[in-house]
Protein chains: 2
Amino acid sequence: MIDVRFPTALQLMLNLALAHSEGVAQLSSTQLAGALGTNPSLVRKLLSRLANAGLVRSSFGRGGGIRLGRPADAITLGDVYSAVLGETSLWAPRAVPHRCLVSSNVERYFVDLAAKADDAVLRTLKHKTLADSLSELRILDAARKPVSAHRRARPT
Amino acid sequence: MIDVRFPTALQLMLNLALAHSEGVAQLSSTQLAGALGTNPSLVRKLLSRLANAGLVRSSFGRGGGIRLGRPADAITLGDVYSAVLGETSLWAPRAVPHRCLVSSNVERYFVDLAAKADDAVLRTLKHKTLADSLSELRILDAARKPVSAHRRARPT
DNA sequence: AAATATGCATCAATCATTGTTGCACATCAA
DNA sequence: TTGATGTGCAACAATGATTGATGCATATTT
């Protein structure tokens, strides 16, 4: 199963960022679950990690909900990734019987290699903030509805 | 489940490279399975992809087996990764109901982002060849058996 | 012809992630 | 104070891609 925790968390954060930019202070986990096409439980599991990292803040009780913990331009996609995936590496070595030059050393070698790949991914994600992403989404949206005011075609 | 196809394939290729450097022309899938601590079936599934990419060659019949398709210094880790994982991306977007600026565009946005991350990973893997890896394994091995000739301790 | 080895299809097992449910606790409004 | 709303969290079932196991046709060497 392809891992969708990062995509889900990112889409969640973008929803919060959009809501904030439109003057909506906070969203409930039920609203977020609806927007993500999933259930409040999964949302809360992700929120728990995001809250630990300070990326979101939640308020209890009636009228409560979730809001961004920092301004959208102070949260990078790398922050979201690290918060949700933690130290999880892209790959893990296969445990092999130690019998030769390769098998006795390849696990350590591979852990190191995976760490380099993890770094490479994180570097690409640290370049962009939620605010950047929101801008790009606006551009994509404008391109989707061509030229003039009225929308030409239904989205497929 | 963390994906171990790339690690397994890499360890397989390194075994072939080591065998070749030691004058062993080829290994059978059963031998490879033994070295990897798994079964010949999985090995052959991986070999099928590796063979399609020209990274290994197999000979049929009695005395047959698998050997590298090119010299070890002409095969990068990126070649192995692409052969085994194909176009598989690190992440896939979660399909969300299209209802707002974010939800209507985030899937395309995310596919693009994932492609950038995939590129970053592949770039790090293209720097190293199997021959480079084998050299590094030799260094690790030397570090593991300190100083003088006789081995001091059993590997754990 | 016999032995060995790959190639490939089918089927079951595994296991992290996802989805569901229930409930305690916190907060606001009337 | 009470009721409504919402988070936090634990337990459990469902899902689905990968792994593991088996059988057999085909190819090649001795």
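Lettering of chains follows the sequences in order, A, B, ..., and the numbering in each one begins at 1.
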Problem - 5' priority, DNA chain D, between A:Ser28 and B:Thr8 [closest heavy atom] - result: A:Ser28

Handout entry: Donor-acceptor side-chain pairing of B:Ser89 and B:Asp118 below 3.5 angstrom
Key = yes

Problem - side-chain N/O A:Thr38 vs C:dT18 OP1/OP2, d < 4.0 Å - result: no

Problem - Side chain A:Arg62 and base D:dG6 donor-acceptor under 3.5 Å - result: no

Problem - Ion pair check, A:Glu107 and A:Arg94, cut-off under 4.0 Å - result: no

Fill in the blank from the handout: Quick note, A:Phe60 side chain, CB onward, closest among C:dA3, D:dG20, D:dT7 is D:dT7

Handout entry: Enclosure of B:Arg70 CZ (heavy-atom neighbours >12, cutoff 6.0 Å)
Key = yes

Fill in the blank from the handout: A:Phe6 CZ to C:dT17 C1', in whole Å, measures 17 Å

Problem - Distance in angstrom units between B:Leu47 CG and D:dT19 P, rounded - result: 14 Å

Fill in the blank from the handout: Separation of C:dT6 atom C1' from B:Asn39 atom CG, nearest Å, is 15 Å

Exercise for the section: Using a strict cut-off of less than 4.0 Å between a Lys/Arg side-chain nitrogen and an Asp/Glu carboxylate oxygen, indicate whether B:Asp119 and B:Lys116 qualify as a salt bridge. Expected result: no

Problem - Side-chain N,O (A:Arg94) to OP1/OP2 (D:dT18) below 4.0 Å - result: no

Problem - D:dC9 OP1/OP2 closer than 4.0 Å to side-chain N/O of A:Arg44 - result: no

Exercise for the section: Take atom CZ of B:Arg108 as the centre, draw a 6.0 Å sphere, and report whether it contains more than 12 heavy atoms from other residues, nucleotides or ligands. Expected result: yes

Practice task
Provide, to the nearest angstrom, the distance between the CZ atom belonging to A:Arg49 and the C1' atom belonging to D:dG8.
Solution key: 15 Å

Exercise for the section: Return the nearest nucleotide to the side chain of A:Ser41; candidates are C:dT21, D:dG8, C:dA29. Expected result: C:dT21

Handout entry: Distance-only donor-acceptor test, A:Lys45 side-chain atoms vs D:dG8 base atoms, 3.5 Å
Key = no

Handout entry: Candidate nucleotides C:dA29, D:dT28, D:dG8, ranked by approach to the side chain of A:Ser58 - the nearest
Key = D:dG8

Practice task
From the options D:dT19, D:dA21, C:dG19, select the nucleotide whose nearest atom is closest to the side chain of A:Leu42.
Solution key: C:dG19

Handout entry: Whole-Å distance separating the CG atom of B:Leu46 from the C1' atom of C:dG7
Key = 14 Å

Practice task
Round to the nearest Å and state the distance from B:Leu36 atom CG to D:dG20 atom C1'.
Solution key: 14 Å

Practice task
Find the distance B:Leu50:CG to C:dT6:P and express it as a whole number of Å.
Solution key: 14 Å

Practice task
Among C:dT6, D:dT19, C:dT27, find the nucleotide with the atom closest to the side chain of B:Ile66.
Solution key: C:dT6

Exercise for the section: Starting at atom CD of B:Gln26, determine the distance to atom P of C:dT6, rounded to an integer number of angstrom. Expected result: 9 Å

